[in-house]
Number of protein chains: 2
Amino acid sequence: MVEGGPVNTVTMTIGQVARKAGIGVETVRFYEREGLLEEPERRASGYRQYGEEAVRRLRFIRRAKELGFTLREVAELLALRHDPGATRTDVRERVRAKVEDIEAKVRDLQMIRAVLLSLGETCQGHGPATDCPILEAIDRDDGVEATPPDA
Amino acid sequence: MVEGGPVNTVTMTIGQVARKAGIGVETVRFYEREGLLEEPERRASGYRQYGEEAVRRLRFIRRAKELGFTLREVAELLALRHDPGATRTDVRERVRAKVEDIEAKVRDLQMIRAVLLSLGETCQGHGPATDCPILEAIDRDDGVEATPPDA
DNA sequence: ATCCACCCCGTACCATACTACAGAGTCAAG
DNA sequence: CTTGACTCTGTAGTATGGTACGGGGTGGAT
């Protein structure tokens with residue numbers, strides 16, 4: 001934002017900015033390579049120079065990741081933030097989609113949980129595991145869940 | 001189980017066993033490399049020969065994966081199944097631990113969902129995204145969630 | 001005999017999000 | 001001016017769960 005002359009912006013090294021943002025130095029460089037963080041100014045020596053904006057951006061990345069956004073999605077959010085043509089509707093749409101992702105994941109997990117709990121009830125006692133009904137059931141049981149809990 | 005002589009066990013090629021189990025040929029070899037599937041007999045040509053037991057085992061793997069077990073955990077379950085010293089309690093313990101994993105994941109996801117929903121309410125209207133409260137909030141908001149929703 | 005689908009092995013590659021390392025140069029304090 | 005902490009680049013490795021490929025041999029049907 002503020003450019004075109006020497007400002008009182010205190011500059012930081014990559015180590016300082018990383019510490020302030022609560023991430024590792026290597027990670028800062030990684031985000032730069034991945035296009036999440038714009039390439040900073042350099043000193044004559046080649047050392048990267050950062051201002052406070054970089055700390056905010058890195059914290060944003062960290063927080064958005066905590067909220068379940070992938071780095072690709074974080075990049076989109078960051079792009080929205082800096083795109084004058086982007087509307088709040090665009091932002092809400094991203095958030096809504098992520099909420100739906102989360103709800104789908106929760107539903108899947110709860111279905112899986114239900115299956116596991118019901119399996120647990122079929123396997124009482126202390127006998128040998130070799131003929132434990134759980135293992136038999138996993139064998140035969142089919143398609144309570146269509147997709148594995150990844151994605 | 002049945003060994004020591006020529007039995008009426010129809011043998012299958014890797015392609016046939018893969019098709020029956022609903023996975024890919026490469027995946028079968030992958031599971032073998034990873035120790036989930038024991039190395040099968042070979043024909044003189046080197047072709048792998050499988051019986052029905054292999055199909056059951058592969059389906060077990062597939063199903064356990066759908067239930068959220070990692071390949072490592074699946075290997076443990078398979079080991080239990082073939083270990084005469086293993087008890088049903090051992091099996092139940094695995095299932096209980098997985099249920100707890102799942103419940104923890106669900107709690108995390110629901111916390112994240114709540115944060116996202118509350119963010120969504122702060123960003124009404126159709127203005128530009130550049131100053132959308134969601135993005136501001138992600139900036140400042142701290143630590144509703146300690147760990148990202150991976151693991 | 002020929003054909004084509006199938007199988008063999010080993011290795012490399014996909015995505016995700018980092019993390020580590022080697023070998024060299026730099027900055028600042030004492 | 002030396003020392004030690006820090007930074008640079010580029011590459012490689014981690015974990016997870018596979019998928020793809022190249023270059024060759026095999027099986028069974030025609």
Side-chain angles (χ1 to χ4, degrees), chain A residues 10-37 39-50 54 58 60-78 98 101 105 145 147-151, chain B residues 10-37 39-50 54 58 60-78 98 101 105 145 147-151:
Chain A
V10 182
T11 64
M12 285 170 282
T13 66
I14 194 171
Q16 289 166 331
V17 87
R19 227 167 296 129
K20 275 202 169 191
I23 62 180
V25 166
E26 304 280 3
T27 306
V28 176
R29 284 196 279 252
F30 172 71
Y31 288 160
E32 183 185 316
R33 277 200 301 285
E34 295 296 302
L36 287 152
L37 191 63
E39 300 197 10
E41 299 292 307
R42 300 290 188 119
R43 301 171 63 166
S45 61
Y47 278 29
R48 289 167 179 80
Q49 279 183 306
Y50 298 95
L58 287 170
F60 180 91
I61 294 169
R62 195 176 61 134
R63 181 64 186 143
K65 263 173 42 59
E66 282 172 8
L67 291 174
F69 291 93
T70 65
L71 288 189
R72 176 182 298 276
E73 289 164 342
V74 175
E76 287 172 12
L77 289 176
L78 286 167
K98 182 53 64 181
D101 277 5
K105 241 176 241 175
E145 222 322 60
T147 48
D150 320 302
Chain B
V10 183
T11 63
M12 286 170 283
T13 66
I14 194 171
Q16 290 166 332
V17 88
R19 228 168 295 129
K20 275 202 171 191
I23 62 180
V25 166
E26 305 281 2
T27 306
V28 176
R29 283 197 279 252
F30 172 71
Y31 288 161
E32 184 185 315
R33 277 201 301 284
E34 295 295 304
L36 287 151
L37 191 61
E39 301 198 8
E41 298 292 306
R42 301 290 188 119
R43 302 170 63 166
S45 60
Y47 279 30
R48 288 169 179 80
Q49 281 184 305
Y50 299 95
L58 287 170
F60 180 92
I61 294 169
R62 195 176 60 133
R63 180 65 185 144
K65 266 174 39 62
E66 282 172 8
L67 291 174
F69 292 93
T70 65
L71 289 189
R72 174 182 301 276
E73 289 163 342
V74 175
E76 286 172 13
L77 289 176
L78 286 167
K98 181 53 63 180
D101 277 7
K105 239 176 243 175
E145 219 328 55
T147 48
D150 319 302

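Reminder, nothing fancy here: chain letters follow the sequence lines and each chain counts from 1.
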Nearest-Å distance, CD1 (A/Ile23) to P (C/dA17)? 14 Å

Find the distance B/Tyr50:OH to C/dC6:P and express it as a whole number of Å. 16 Å

Round to the nearest Å and state the distance from B/Phe30 atom CZ to D/dT19 atom P. 9 Å

If you measure from OG1 on A/Thr13 to CZ on A/Arg43, what distance do you get to the nearest 0.5 Å? 8.5 Å

Whole-Å distance, A/Gln49 CD to D/dC8 C1', equals 14 Å

Would you mind reading off the distance between B/Ile61 atom CD1 and D/dT16 atom P, rounded to a whole angstrom? 16 Å

Would you say that more than 12 heavy atoms from the other residues, nucleotides or ligands in this model lie under 6.0 Å from the CZ of A/Arg72, or not? no

Should A/Lys65 be listed as having a side-chain N or O under 4.0 Å from OP1 or OP2 of C/dT16? no

With nearest nucleotides of DNA chain C determined for B/Arg19 and B/Arg42 from heavy-atom distances, which residue corresponds to the more 5′ nucleotide? B/Arg19

What's the closest nucleotide to the side chain of B/Thr13 if the choices are D/dT7, D/dG17, C/dC7? C/dC7

Could you check how far CG of A/Leu36 sits from C1' of C/dT16, rounded to whole Å? 13 Å

Sub-4.5 Å side-chain heavy-atom contact between B/Leu58 and B/Thr27: no

Is any side-chain heavy atom of B/Lys105 closer than 4.5 Å to one of A/Lys105? no

Base-pairing string, 5' to 3', of DNA chain C - Watson-Crick or wobble, under 3.5 Å, | interstrand: ||||||||||||||||||||||||||||||

Winner on side-chain proximity to B/Ile14, out of C/dC8, C/dA17, C/dT19, is C/dC8

Rounded distance in Å - CD (B/Glu39) to P (C/dC7): 18 Å

Drop me the distance from B/Gln16's CD to B/Arg19's CZ, to the nearest 0.5 angstrom. 6.5 Å

side-chain contact (heavy atoms from CB on, under 4.5 Å) partner of A/Phe30, the single match among A/Arg33, A/Glu32, A/Glu26: A/Arg33

The residue, A/Tyr31 or B/Arg48, whose nearest nucleotide of DNA chain C is more 5′ is B/Arg48

At under 4.0 Å between heavy atoms, what does A/Arg29 touch on the DNA or RNA strands: base, sugar-phosphate, or nothing? base

Taken to the nearest whole Å, CD/B/Glu73 to P/D/dA15 is 16 Å

Do side-chain atoms of B/Lys98 reach the backbone of B/Gly68 as a donor and acceptor pair under 3.5 angstrom? yes

Any donor-acceptor pair under 3.5 Å between the side chain of A/Glu26 and the base of C/dC21? yes

Contact between B/Glu66 and B/Arg63 at the side-chain level, heavy atoms closer than 4.5 Å - yes or no? yes

With heavy-atom distances below 4.5 Å as the criterion, would you say the side chains of A/Tyr31 and A/Leu71 are in contact? yes

Go through it in stages, so that I can follow the logic: the residues are A/Gln49 and A/Met12, the test is side chain to side chain contact (heavy atoms under 4.5 Å, CB included), and I'd like the CA-CA distance, side-chain angles, deciding distance and then a yes or no. CA-CA 6 Å; A/Gln49 279 183 306; A/Met12 285 170 282; over 6 Å; no

Distances under 3.5 Å between nitrogen or oxygen atoms of protein and nucleotides 26-30 of chain C:
| from | atom 1 | to | atom 2 | distance (Å) |
| --- | --- | --- | --- | --- |
| C/dT26 | O4' | A/Tyr47 | OH | 3.4 |
| C/dT26 | O2 | A/Tyr47 | OH | 3.4 |
| C/dC27 | OP1 | A/Ser45 | OG | 2.9 |

